[in-house]
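Notes to accompany the following structure.
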Amino acid sequence: MAGGSRAAAGGTDAAAKAARRLAAVGVEFVALAVVDTAGVTLVKCVPLHRFEEAVRFGIGLSPVFTVFLVDDSITSSPHIGGPTGDTRLMPDPAATMPLAASPGWALAPVDQRDQEGEPYPGCARTFARSVLERLARFGLELRGAYEMEFFLGHRTWGAREAEPEPAHPGPAYGAIALVEVEPFATALIRTLEEQGTGVMQFHPEYSTGQLELSVPHGAGIAVADTNLVVRHTIRAVARSQGLAASFAPVVFPGLVGNGAHLHLSLWNRRGRNVFNGGRGPEGMTREAEAFTAGVLDALPALTAVTAPSVASYQRLQPHRWSGPWAVWGRENREAALRFVTGMVGSRPGAANLEVKSMDAAANPYLALGAIVAAGIDGLERELSLPEPVLDDPASIPATRRRALGIRQLPSSLSAAVRELERSRVVADAMGDVLFGAFLATRRGEVDAFEGKDPDTVVRAHRWRY
Ligand code: GLU
Ligand code: MG
């Protein structure tokens, strides 16, 4: 990776270009956004005239944020902890996007470096980029998008915070629900279209107050960058209407949760989607099959990354379409890996793999990097897929399930962390510093929340993501 001075010189042109592009659409301020290891998005803001300097020299952030927990308490890892040190938040100028719902503002995804200009080994975005670069060595480019479910409602806060009031009463997928949230839907879709994010689909989801938004697929790191923009836009549109959005895995104990499913496809050097047009299962090519098999193989360990909070396990349960089973299947909504072929005629573009065992407590960079690292492991080992599972695994008697090798994903964060500790694939990809911090923060949240009553857990996570 480029060192300090070359990176700075290269960044200067791109920064000036980005600053002109942003000024032309009325941007005055830039929020530099970094997602911490606990999945909480943090910002540091600069006026636009400081942006070019920020691209060259970064904005300071303590390394200790790498070991923050979801409740803002701080743990430590073998490499990180204590009040000293600095990381530099280096905005990515080309990825900096105006925020139409926040007039005057843009959001800049950042890479963290140290003060010598070297990559900071605890940086989630740098990790994801390095894994995507490894994928490029196979001649493959990842495209994808996070499909976001969220709760919209009226929030009060303070010492006697009441339960939020849902913005719609249902019914699931209902037209009545849409009418209730129509001003929000209008502003959200308009805003996303106007700022260039785009919208694929929007609908009222299953639970009261629950909505879902899909955006067009992006390439590489943009998959995670766009997710930051989407979350921020949803929050800002909600706020402008006196509402609040929650991406928490569960918003009310006992009800269906919010997923943040990753849809992904791989495109080869000839510009073809390898999830279609092959001789493998459901039309996958060998490459797509091996990648999918690698993800499937690592699913129990990946769960600590894709469902990383104690609250995640109130969602990741059978019969909620949250993908709690470590299986794959075409259009199986109980499977962690749902293979989506798309409609005949659209398949070369539409075929994709949906990772459903994921919620928005996950850091979108860590999840992307860990899932792709597992897929690369499958490519390297040339793995094959087992038979798909097309039934609801919960409906298969337990003895038969065992005979078929069907396992449920970990049902608690501590169990997921144990799986992660046993597996090499995420540890090797993250490296000691990031992996150590990841384990330390997950263990910290297990200690803080596991075993507490569901309502306490929900309240502690409801407005953090
Ligand atoms: N709400 C479900 C989840 O927790 C997903 C429902 C769906 O398949 O869209 O992931
Ligand atoms: Mg959904």
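Just so you know, residue 1 is the first one in the sequence shown, and it goes up from there. Computed over heavy atoms, backbone and side chain alike; hydrogens, waters and symmetry mates excluded. Whatever order the structure lists ligands and atoms in, that order sets their numbers, starting from 1.
- Between Asn268 and Glu287, the side chains place no donor N or O within less than 3.5 Å of an acceptor N or O (distance only, hydrogens not considered).
- Ligand 1 places these atoms under 4.0 Å from at least one heavy atom of Arg315: 3 (C), 4 (O), 10 (O).
- The protein heavy-atom contact nearest to atom 1 (N) of ligand 1 is Glu149 OE1, 2.7 Å.
- Nearest to the Mg ion (ligand 2), among the N, O or S atoms that Glu212 has, is OE1.
- The backbone N or O of Ala162 lies less than 3.5 Å from no partner atom in the side chain of Trp157, so there is not a single donor-acceptor pair.
- Within Glu205, the N/O/S atom positioned nearest the Mg ion (ligand 2) carries the name OE2.
- Comparing Arg320, Met358, Lys356, Glu205 by heavy-atom distance to atom 8 (O) of ligand 1, the nearest is Lys356.
- Atoms of ligand 1 found under 4.0 Å from any heavy atom of His261 (numbered from 1 in listed order, with element): 3 (C), 5 (C), 10 (O).
- By the criterion of a heavy-atom distance under 4.0 Å, neither the backbone nor the side chain of Asp359 is placed next to ligand 1.
- Taking the six-membered ring wherever Trp is involved, the centroid distance between the rings of His461 and Phe449 falls below 6.0 Å.
- Nearest N, O or S atom of Glu149 to the Mg ion (ligand 2): atom OE2.
- Atoms of ligand 1 found under 4.0 Å from any heavy atom of Glu212, numbered from 1 in the order shown, are 9 (O).
- Between the side chain of Ser346 and the backbone N or O of Gly342, no donor-acceptor pair lies under 3.5 Å.
- The 12-atom threshold is not exceeded at CZ of Arg239, counting heavy atoms of other residues, nucleotides or ligands nearer than 6.0 Å.
- A distance of 5.0 Å separates OG of Ser322 from CG of Leu316, quoted to the nearest 0.5 Å.
- Every atom of ligand 1 with a heavy atom of Val256 under 4.0 Å away is listed here by number and element: 1 (N).
- Test Phe151, Tyr465, Phe150 against Phe247 for ring pair (Phe, Tyr, Trp, His ring centres under 6.0 Å) and you get one pass: Phe150.
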